[in-house]
Student: 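Pasting a structure below so you can have a look.
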Number of protein chains: 2
Amino acid sequence: MGLRERKKLETRRALSWAALRLAVERGLDNVLVEDIAAAAGVSPRTFNNYFSSKAEAITSRHVDRGRHLAEQVRRRPRTESLWESILEAALAQYDTGGTLPDPEWTAGVRLMTSEPALIGEFLRASSMIERELAEAIAERTRTDVRADIYPRLVAAAVGAAIEVATDQWLTADPPGPLGDLVREALTQVAAGLPEPSTA
Amino acid sequence: MGLRERKKLETRRALSWAALRLAVERGLDNVLVEDIAAAAGVSPRTFNNYFSSKAEAITSRHVDRGRHLAEQVRRRPRTESLWESILEAALAQYDTGGTLPDPEWTAGVRLMTSEPALIGEFLRASSMIERELAEAIAERTRTDVRADIYPRLVAAAVGAAIEVATDQWLTADPPGPLGDLVREALTQVAAGLPEPSTA
DNA sequence: CCGAAAACTTGCGGGTCCCGCACCTTTCCA
DNA sequence: TGGAAAGGTGCGGGACCCGCAAGTTTTCGG
């Protein structure tokens, strides 16, 4: 990888990181593009060469994380069933086993899901991720992303499960382990979300 | 309902309708807030008293449609299972039985899901709808939207299924009946999305 | 029916955003 | 090593969105 591309990636990371950090610190409305650019050591004009909006810069790291999940699903051994692979890949990312998740990530998600101006872009990012996840699933199941409804359906359902689990975790009063919630959500989805018996 | 509220609702409808129509006709970038306001017979400033952005105005009708779905789930007879109710409510909205769906709606969805500046707001709107749907499901299943993961999980899964079905329908080359796709998607989700046997 | 209060509309002004364009600097590669 | 390609920057402008302070319409109690 040449110097050129390395610098670009570095600048991109610096910008998205600065955007997220500043927005968490002061609130989105108190952060100008100018501030983000300054914090990353580039001109304001350059900011918009990398991201087309503040929101996109902030959600950029969320996208990276999601890509990682799709990648992991792809790497899982074929001896597993699809749902086993998905569950394991998801847990590898969300089950922190005892310790708390990265506080920076927590603050980021909390910001993106609460600030009205960010929610849309956040969901859009999730949607992009689901597209990649669908590709991975299509590969695994030998289905066709364009012709078959199946891979996108699974990807969307998985995305929904993780989203709900995360949201529940963020608002739960005594915050239990996030991994457990993700497992619970995915298991229920894979079981067809049977109506709870009103015993 | 007083004269005041009636007029307000009328203005709101006029604005969102004008926004959608103009955007479909000329493309989003060739429509100014000024144009929308003019088409609805109010001042530009008034536009932003009703909607906080062009995107919100356009997606407003999508929200209305979604609310209707949640409402219908609520009204279904309790003799049905939850999934029966959901399926019937969804089909009542999406199965046009033979005839083609409202071309205005089709154009609207196509616009909202293709124009980058609208996708975020579109998903945000869907998310709002899912929240209401979750309430309806919680009511039906005597679960708690805040404490239990179940109702939101179902709502999100249903939203995902409808979204995928719609998207598939929009891009399918010989466009089959939308109702069939929605039925198929919801049925698969309710069955736990079993991995297709690689027969 | 009336008059004040409440609600809505509108114009103005300003801060911000985002992009096209042209110019300059840096990196690449033959 | 020198031209080509790509990235960074400043300028300028169109558009957006909101606060504010009138002005106007609807409401409602007496």
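These numbers were taken from a predicted model, which means no experiment stands behind them. Labels below follow one simple rule: chain letters A, B, ... track the order of the sequence lines, proteins then strands, and each chain is numbered from 1.
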Student: Would you say B:Arg183's side chain and B:Leu91's backbone share a donor-acceptor pair under 3.5 angstrom?
Tutor: no
Student: May I ask you to list the residues sharing a hydrophobic cluster with B:Phe51, side-chain cutoff 4.5 Å, ordered by chain and number?
Tutor: B:Leu15, B:Leu22, B:Val31, B:Val33, B:Ile36, B:Val42, B:Phe47, B:Tyr50
Student: Please name all residues satisfying side-chain contact (heavy atoms from CB on, under 4.5 Å) with B:Ser81, sequence neighbours left out, ordered by chain then number.
Tutor: A:Glu195, B:Trp83, B:Glu84
Student: Counting only non-hydrogen atoms, which of residues 16-36 of chain A are less than 4.0 Å from DNA chain C?
Tutor: A:Val31, A:Leu32, A:Val33
Student: Among B:Asp148, B:Val154, B:Leu82, whose side chain to side chain contact (heavy atoms under 4.5 Å, CB included) with B:Thr141 holds?
Tutor: B:Leu82
Student: Quick one: list whatever passes side chain to side chain donor-acceptor pair (under 3.5 Å) with B:Arg26, sequence neighbours left out.
Tutor: B:Asp35
Student: Under 3.5 Å, sequence neighbours excluded: what are the donor-acceptor pairs made by side chains of residues 116-128 of chain A?
Tutor:
{"residue": "A:Glu121", "atom": "OE2", "partner": "A:Arg124", "partner atom": "NE", "Å": "3.4"}
{"residue": "A:Ser126", "atom": "OG", "partner": "A:His62", "partner atom": "NE2", "Å": "3.3"}
{"residue": "A:Ser126", "atom": "OG", "partner": "A:Phe122", "partner atom": "O", "Å": "3.1"}

Student: Do any side-chain nitrogens or oxygens of B:Lys8 fall under 4.0 Å of OP1 or OP2 in C:dC8?
Tutor: yes
Student: For the pair B:Tyr150 (side chain) and A:Leu193 (backbone), establish whether a donor and an acceptor sit closer than 3.5 Å, ignoring hydrogens and angles.
Tutor: yes
Student: Quick one: stems for DNA chain D, with Watson-Crick or G-U pairs under 3.5 Å, at least three in a row?
Tutor: C:1-30 with D:1-30
Student: Does anything in residues 116-123 of chain B come within less than 4.0 Å of DNA chain C? Heavy atoms only, and list the residues if so.
Tutor: none
Student: Taking any atom closer than 4.0 angstrom to a non-hydrogen atom of chain B, what span of DNA chain D does the protein reach, first nucleotide to last?
Tutor: D:dA15 to D:dT27
Student: Using side chain to side chain donor-acceptor pair (under 3.5 Å) as the criterion, list what pairs up with B:Gln72, not counting sequence neighbours.
Tutor: none
Student: Any protein N or O atoms within reach of nucleotides 2-6 of chain C? Criterion: under 3.5 Å, listing atom names and distances.
Tutor:
none

Student: When the side chains of residues 100-109 of chain B are checked against the rest of the protein, which donor-acceptor pairs come out under 3.5 Å, sequence neighbours left out?
Tutor:
{"residue": "B:Asp102", "atom": "OD1", "partner": "B:Glu104", "partner atom": "N", "Å": "3.0"}
{"residue": "B:Glu104", "atom": "OE2", "partner": "B:Arg61", "partner atom": "NH1", "Å": "3.4"}
{"residue": "B:Thr106", "atom": "OG1", "partner": "B:Asp102", "partner atom": "O", "Å": "3.2"}

Student: Please list residues of residues 44-59 of chain A whose heavy atoms come under 4.0 Å from any atom in DNA chain C, ordered by number; otherwise none.
Tutor: A:Arg45, A:Asn48, A:Ser52, A:Ser53, A:Lys54
